[in-house]
**Q** 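This is the structure I want to talk about, given as structure tokens.
Just so it is clear, the model here is predicted, and its values are computed rather than measured. Computed over heavy atoms, backbone and side chain alike; hydrogens, waters and symmetry mates excluded.
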Amino acid sequence: IFGQNNEQCTEAQQAQYVGQVIDQLRSRPWVARIYIYCLGTWGTGFEQSFGMFNQNGSERLSAVAFRNRV
């Protein structure tokens, strides 16, 4: 079920998920590097909640969570 404005998760939830994933990956010695696949948002629907940066280039909370953990 999609949230308000057809988003899959809120911006705060996305930041929390990104932080949790990075914390988990850093605890595994066999993980040497972490790459982010989707930096920017796109589209008009729930695609707008995918990226770490808004279409105008401003940071989303997930970009801050990533930067604070790497």
**Q** Tell me, do Met52 and Glu59 make a side-chain contact under 4.5 Å, heavy atoms counted?
**A**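 The answer is no; the side chains never approach within 4.5 Å.
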**Q** Any side-chain heavy-atom pair from Ile22 and Arg26 closer than 4.5 angstrom?
**A**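 Sidechains of Arg26 and Ile22: in contact.
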**Q** Roughly how far, to the nearest 0.5 Å, is the CZ atom of Arg69 from the CD1 atom of Ile34?
**A**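 Rounded to the nearest 0.5 Å, the CD1-CZ separation comes out at 11.0 Å.
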**Q** Between CZ of Arg60 and CG of Asn54, what distance do you get to the nearest 0.5 Å?
**A**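 It comes to 5.5 Å.
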**Q** To the nearest 0.5 Å, how far apart are CD in Gln16 and OG1 in Thr10?
**A**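 With rounding to 0.5 Å, CD (Gln16) is 8.5 Å from OG1 (Thr10).
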**Q** Indicate the atoms forming the closest heavy-atom contact of Ser27 with Pro29, along with that distance.
**A**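 Taking Ser27 first and Pro29 second, the nearest heavy atoms are O-CD, 3.6 Å.
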**Q** Does Phe53 belong to the same Ile/Leu/Val/Met/Phe/Trp/Tyr cluster as Phe66, with side-chain heavy atoms less than 4.5 Å apart forming each link?
**A**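 Both belong to a single hydrophobic cluster.
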**Q** Please report the interatomic distance OH(Tyr17) to OG(Ser62), rounded to the nearest 0.5 Å.
**A**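 The OG atom of Ser62 is 12.5 Å from OH of Tyr17, to the nearest 0.5 Å.
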